[in-house]
Each structure stands twice: as structure tokens, then as C-alpha cells.
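What follows is one structure encoded as C-alpha cells, with my remarks underneath.
Letters A, B, ... are given to chains in the order of the sequence lines, protein chains preceding strands, and every chain is numbered from 1. Predicted model only: the values in this text are computed from it and were never measured.
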There are 2 protein chains.
Amino acid sequence: MTSLVDVARAAGVAVATASRVLSGSDHPVSAKTRAKVVAAAEKLDYSPSALARAMVSPNSRLMGVLVSDIVNPYFSVIARGVDDVATRAGYVTMLSNVDRSTATEISRLQAMRDYRAAGVIFAGSGYVDDPHRPGLLKAVRQAREQGILAVSLADRDLGCPTITVDHHAAAHDITDHLVALGHRRITFIEGPSGMTVTRQRREGFLARMRDAGLGGGARCVPGGFDYEAGHTATLRLIARRPLPDAVLAANDEVAVGALGALRQAGIDVPGEISVAGINDLRVAQHVGLTTVSLPLYEMGSLAARHIIESAPGAATDGAATTTLSHRLVPRETTARRPPER
Amino acid sequence: MTSLVDVARAAGVAVATASRVLSGSDHPVSAKTRAKVVAAAEKLDYSPSALARAMVSPNSRLMGVLVSDIVNPYFSVIARGVDDVATRAGYVTMLSNVDRSTATEISRLQAMRDYRAAGVIFAGSGYVDDPHRPGLLKAVRQAREQGILAVSLADRDLGCPTITVDHHAAAHDITDHLVALGHRRITFIEGPSGMTVTRQRREGFLARMRDAGLGGGARCVPGGFDYEAGHTATLRLIARRPLPDAVLAANDEVAVGALGALRQAGIDVPGEISVAGINDLRVAQHVGLTTVSLPLYEMGSLAARHIIESAPGAATDGAATTTLSHRLVPRETTARRPPER
DNA sequence: TTGTACGCGTTATCAT
DNA sequence: ATGATAACGCGTACAA
């Protein structure tokens, strides 16, 4: 392990000088000396210890991101956004999966705090009536007091900046699309029970239905966030006909699961029934699913940018909320309601 | 920022004692003293600096993983395997996307080296005739000399342990399945050009076809690794009929893309044509795609385990290769070839 | 059982 | 323009 001392010795200069050259300081150093140092560093295969650097500087250049499950494309897109700007800024991204467990979230936050991360991004949604919430709040506050910027990507009231999307409005808008197509009886396949985002999307759906005077035609059934959930829920729907005019799924994967069940049963989409999702991930594009596009990548990159820009000791914006806009993406799984049924 | 000194002072003990208690050392400490230290640490909200720890200990407990693109499920599953065992062992995972660029791979390896990662896992495949290969080799060697364990998840001859799967055999076996079903003219939609894994899978396909005396019925067309590639390639196939008996895709996403194109064209799968993929990711399961299951999660977790176990100064196993087994998963997109066409 | 003191690799301050 | 040195927070050898 060759250190700055070794380089300095090999170059015949003081460590301070070597440091000035190798750390890109603006302190003046003669061209000749500079060359000697660079040559020595090269020859000795010097690798500056980011650890030692982080200890002495106020900024570790470590970017933390907490996701529920990186295998879930919703989160991998966010993580990609984070890592892209982190890398560009010379940071390294630390990733942890927390499996929707607030307790795990707290413990991984601690781990990242131990490494003095410049910031930690909470990508996941919170829970309604979460018993661990006070503990999380405390952990976030303590991290902040230590200079670690937290950013939430969902409405969680964590006492930190929030960069999110209006899930209620997203569900509202896609429901509106369905209603505008003439659908009256619409079934919403919900997300995992207890999650805040599940409730927000459900309420958005119900609000639009009520406003359209279609409250009676609105139905909500339990689901989840994966193919399986959409498939199962839809099978149940098919079993107890009549079918609704349309199905709105909690997210794209659920919608694709629903699509599969419907087609296997020989039910034409969108001929007999319309199907829509939320998120607009790659799979939605592929199957031509009508959905709402959420700026997931931007949420990740913006959060990272925020952390980098407020890096050392800038004024914390308290807990400002930035809401990014979503966009309706009509595709081939929704169509005007057939005049007769 | 409260440090060990603060805790020691608050507890009325020496820093060494506080360290012994808080770092879980096996050095004896009286129960009474221990309690005082723990209480002080608690009260002061002490967070041990993993940075300082890493500087003084031979192990940073930082686990590095380099993927092409975390949004690609192939890699997110691997990353999940890595993070799960890393977390269990008290490590934190550092993730970097390298976009299939060897140059980026080198630069991210350097970044992780600067943080003194205990090890770095190369999840991606290499390239045939890669001009950057010498540079990568050198970087890996230097990292190893510094005590950083590298592990490759593909045959790349990086001079480090390799934990992989036999892509040639995987393609061979799925081709065999197709042949056994009576298919004679089979088209292989290749992966991205230039990648080692692309070549391995193609050769595995061709080998089985030749051995079956079906070399004349084997055709390879350019593709990629995403839906789009499968869709486009299949559209071309459809345009210049006659259709082959079966299509083997470089991976599941390509196969699903092919499936979509075929069904849109009103071609029955597997009635008129069989379709198969490779990888067995979630989407394959969902659409009932016949494929080969690759132990991606295990590759990630094994690689991480290897790094953790050889952590401080254990004997490096040089460049041993561990090949994990794959498994044919017949599902509904392949069927016996219809007697007449 | 507890305490003292050094070193890990940097950067920054203060001379020179 | 360059050099000496004090931190940063921790673990540990050595002393008591």
C-alpha cells in the first residue's frame, strides 16, 4: 500500500507538496516539481485513500440510496438516476435493499451514517400507521444533525426535502382517461396493503370516480405490485362476472399480469375490457400498455444533485417538497367503451 | 460530530476502554464499565466512524459491484444477491453502472479502490478483441496487489476468481430441447455484437445444431438484449417467410419481444412456431416462456461470500473458476413440431 | 481490568 | 514555491 508519504519521498518533496499536486489543489506548485510528483505517483501506482480524505474533509463523496428491492424496476430506474449524477460528480453510490421494512431502513441508514455518507436517499414509500416511524424520524434527525442530507422520494414527512410525484393525481388522471373513454364500472387492483402510495393511488382513483358520479361503479380489490398479484386478482375478477368495463392496476407489472389473465381467458383487450397501469416502465412500453409516466429517473438524479449541491455546509432547505409532473400515456390497452354490452 | 473521545470522557473512562466496548472487542471489560460506556454512547448518539475504522483495520467492509446497467434485470438480480450477503456480514455495497464500457469499468474500479473496497465484483461480460483489455488487466492486478479481491462473473480471464455459468452449454441445452421437439429450422436472435457472452451463446446453439445434422437449418440474426431487439428481429423474420420452426433468443427479454411481434402478426405460439429464451427472469415466468434458468442470484451471493471469507489476508485462490449449473425450464412457448407444415 | 500513546493517510495551517 | 506539523477518529500494542 503506497501512500502519499511514499510518493513524496520518491519525488524528493514534502508530503504537503505531493498532496497539493495529487489532490488538484489550487495552491501554486512549480511545473518541474509537479512533474516529479506525478511521475512518482505513476510509478508507484499511487491510489489516494478516499477514506483518509473523507476523514479530514467535511465531505465523504459517498452517496447513499435506500430502495425496497433493486430487482423491482421502479427502484432500479431511480437508482440509475442517482448513480449517474453521483458518478459524474466524483461520488460513489452505496446501495441497500430494505425490503419495505422500516426497521431495516433504520439500520441501513445507520450503516451509511457510519460511513459518513454525504447524503441518503429514501426511495421507498412509507406505511400507514407505521409503528417504527418514530424511530425512523429520530434516526433521520440524528443523521441530519451530523451533516448527512436525507432526501425522500415519497411523501413521508421525514423532516427532510422531498422530491416526488403526485400519486393521487396520477391515479386520478389515468382514471379520468378511462372515464372519458366512456367506461362506467372500473375496478382498481390495489398495491400492497398498508403502503402510503397504495392509499394515495386508490384515493386518486376513487376521487375521480366520485366526481364523475360513478362512485357506484368503482370497485377496489386487493393486489400487490407484481405480475402474480395482477394475475391472481384478475382471475378472481373473471370468476365472478360480469366483468367491469375497465381495470386500473396499481402499477404496470400488475397491469401486465392482468393482461395475461384476461388474454388467457380469451377476453379481448381492449375490445371487451380496457386495462391501464401506472409508472410507465419498459415493460409497459413493450406491451403497449396505457399508463401514466412517472419521472422516476429524474427523481433519482434530482435527489442526488440536491445532495451534491448542498454538500458541505449550505443552508438546509428544511423540508421543502418538490413535486415533479407525470404524464398520461395512452396506448393500445384502452379503447372507447363499446356502445352495447 | 461526537467521537469516541467524547464518549470516553462522558463515561469517565479511557478511549481504549470505550473502543473495546463499542467495537465488540473480546478484550475483557467489567460489566459496570461496559454499561457506563454504552449509556454514554447512547446518550451522545455516537456513530462510530467506519471511515476511521477502515483506515486502521485491514478491512473496509465495503463491497463493490460493477454492473452494465442496474435497470437490466439480469444485473439487478445479481446485485441483490451481492447486497444480501454483504449486508448480513456487516458490509455496505457500493454499486456502479459501467454501460458495457471497459474504460468506465476501469475508472469505477479505481474509484472503489480509492475507498479501499474489500473486493470488487465484475458482473458484466467482456468483449471480443477489446482494445481496453490490457488496461483493465493492469488495473485488476494493481487492485489485487493492494489487497482488493476481484471476482468476475463471466469468463474474462481477468486473473481473478471467476464464478459463472456455462453460457455455451446453456444455449446448447435449450437448443437440444428445441431439436428434441422435432424442430429442424431454428433461428437464433443474437445478443449485442462483440460481447463474449453473445458469442458463447451463439456457438452453443450452432454446436448443437451441427451435431444434430441440422447445420443447414440453423440461422443467426443480429439482435441485442432488450424487447426492442427481439421485436425488430422478429418483424424481419416475419417479412421474409417462410418462418423457421422455432426461434431461440439471446435472452428472455428478446424472446418476449419476439413473442409480441409474432402474436401481433397473428402467428400462433407455440402452434405455428416455438420460442425460447435464456436467463429465466421474472418476466419469463410470467409469460410462460420456455428458457434456461441461470443462478444469477447465487452468482452474486457466492461472489460476495468469497470476498468476505477471504477478507483480510487469506490465501488468494489465484484465478480458480467455479461454474454453477443451469437448468432447462420448459414452459408453454415451445411445443412438438406439427407433423405437417 | 484499565490507561497511554502511536499510527493509519490525508488536508490545511502556518511558517519559511 | 515549499516544508513541517497538527488534526481527523479509530484500534491496538504495551504499560500499569
Notebook entry, point to check: Expressed in angstrom and rounded to an integer, what is the separation of A:R116 atom CZ from D:dC10 atom P?
Noted result: 7 Å
Check: Could you give the CG-to-P distance, from B:D114 to C:dC8, as a whole number of Å?
Finding: 19 Å
Notebook entry, point to check: What residues in residues 15-29 of chain B put a non-hydrogen atom under 4.0 Å from any atom of DNA chain D?
Noted result: B:A16, B:S19, B:R20, B:S23
Check: Which pair of non-hydrogen atoms, one from B:A52 and one from A:M55, has the smallest distance, and what is that distance?
Finding: CA-SD, 3.6 Å
Note to self: Please report the distance, rounded to the nearest Å, between NZ in B:K32 and P in C:dT2.
What the structure shows: 10 Å
Notebook entry, point to check: If we ignore angles and hydrogens, is there a donor and acceptor under 3.5 Å between the side chains of B:R53 and B:S23?
Noted result: no
Margin query: Between B:T33 and C:dT1, is there a contact of a side-chain N or O with OP1 or OP2 at under 4.0 Å?
Written below: no
Note to self: Less than 4.0 angstrom from a charged side-chain N to a carboxylate O is my criterion; do A:D83 and B:R108 meet it?
What the structure shows: no
Notebook entry, point to check: For B:Y115 and C:dT10, what is the distance between atoms OH and C1' respectively, to the nearest whole Å?
Noted result: 13 Å
Margin query: Once you apply a heavy-atom cut-off of 4.0 Å, does B:L4 come out as touching a base, just sugar-phosphate, or nothing?
Written below: sugar-phosphate
Notebook entry, point to check: Side chain of A:T102, backbone of A:R133: donor and acceptor closer than 3.5 Å?
Noted result: no
Checklist line | Set of residues satisfying side-chain hydrogen bond (donor to acceptor under 3.5 Å, both in side chains) with respect to B:T164, sequence neighbours excluded | finding: none
Notebook entry, point to check: Hey, are B:R88 and B:D84 close enough for a salt bridge, meaning a charged N less than 4.0 Å from a carboxylate O?
Noted result: no
Note to self: For DNA chain C, which residues of residues 38-63 of chain B approach it to below 4.0 angstrom with any heavy atom?
What the structure shows: B:M55, B:V56
Notebook entry, point to check: Are B:E145 and B:R141 ion-paired here, with the side-chain N under 4.0 Å from a carboxylate O?
Noted result: yes
Notebook entry, point to check: What integer distance in Å separates A:M1:CE from C:dT10:C1'?
Noted result: 12 Å
Item checked: Pair A:R80 + B:D99, salt bridge at N-O below 4.0 Å -> yes
